[in-house]
Amino acid sequence: MKGKELRRSLAVLPIGTVMKLTSLTARQIRYYESQGLVLPQRNDGNRRMYSLNDIDRLLEIKDYLDDGVNVAGIKAIYEQQAAREAARKAKQDRPLTDADVRQILQDELIRQGGLGHPQDGVDPHRPL
DNA sequence: ATTCTCACA
DNA sequence: TGTGAGGA
């Protein structure tokens, strides 16, 4: 079941297509990249090429923004996610630790409920 | 026609 | 974030 992830990871979409698929302006898309929220590939002509995963990431970013989470907060969330993923592998593969579950629950709470304001970042240790 | 980078009346 | 310049 690996060909699917591979296809979703193939960067074949130019920014123009991404704009239509996400309803975001090229300005916004490039800005989010400058903030490390998405990392599209570049083709020979230095043109950005996006994968389906990038599209999902962009749509997710838009949702977070609508929920009041600022770019810094979203960046923090993805950094935690990467950190937890890394820790998961390094720790061998047990499904999820208690800390992982708490973290996931917290992220869900932040994503749905309207925590986080356009001025402060997201405090990963804010008590539930 | 498209996208890129850079800069700001 | 928008927008226009100047180049590829």
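A note on names: the letters A, B, ... follow the listed sequences, proteins ahead of strands, and every chain is numbered from 1. What you see is a predicted model, and the numbers here were worked out from it, not measured in a lab.
- Following rounding to the nearest Å, A/Glu33 (CD) and B/dT3 (P) show an atom-to-atom distance of 14 Å.
- Atom CG of A/Asp66 has more than 12 neighbouring heavy atoms from other residues, nucleotides or ligands inside a 6.0 Å radius.
- Of the side-chain N and O atoms in A/Thr25, one or more sit less than 4.0 angstrom from OP1 or OP2 of C/dG2.
- Geometrically, A/Arg57 does not engage A/Tyr32 in a cation-pi contact, judged by NZ or CZ lying under 6.0 Å from the ring centre and within 45° of the ring axis.
- B/dC6 is paired with C/dG4 under the criterion used here, namely a Watson-Crick or G-U wobble arrangement in which both key atom distances are under 3.5 Å.
- Across all non-hydrogen atoms, the minimal contact from A/Leu21 to A/Leu59 is O-CD2, 4.1 Å.
- Below the 3.5 angstrom threshold, one finds a donor paired with an acceptor across the side chain of A/Arg27 and the base of C/dT3.
- The separation between A/Arg47 atom CZ and C/dA8 atom P is 11 Å, rounded to whole Å.
- Heavy-atom contacts from other residues, nucleotides or ligands closer than 6.0 Å to CG of A/Leu39 number 12 or fewer.
- Residue A/Arg42 places its side chain closer to B/dC4 than to any other of B/dT3, B/dC4, C/dT1.
- One interatomic measurement links the two molecules: CE of A/Met49 to C1' of B/dT3, which rounds to 11 Å at whole-angstrom precision.
- Within the 4.0 Å cut-off from OP1 or OP2 of B/dC4, at least one side-chain nitrogen or oxygen of A/Arg30 is found.
- As rounded to whole Å, 16 Å separates atom C1' of C/dT1 from atom NZ of A/Lys62.
- For the pair A/Asp54 (side chain) and A/Ser51 (backbone), a donor-acceptor distance under 3.5 Å is present.
- Atom P of nucleotide B/dT2 and atom NZ of A/Lys20 are separated by 7 Å, given to the nearest angstrom.
- Put simply, CD1 on A/Ile15 is 15 Å from C1' on B/dA1, counting in whole angstrom units.
- Distance CD1 (A/Ile29) to P (C/dG2): 11 Å, rounded to an integer number of Å.
- Counting to the nearest Å, the C1' atom of B/dA7 and the OH atom of A/Tyr31 are 16 Å from each other.
- Using C1' as the reference atom, B/dT2 and C/dG6 are 15 Å apart when rounded to the nearest Å.
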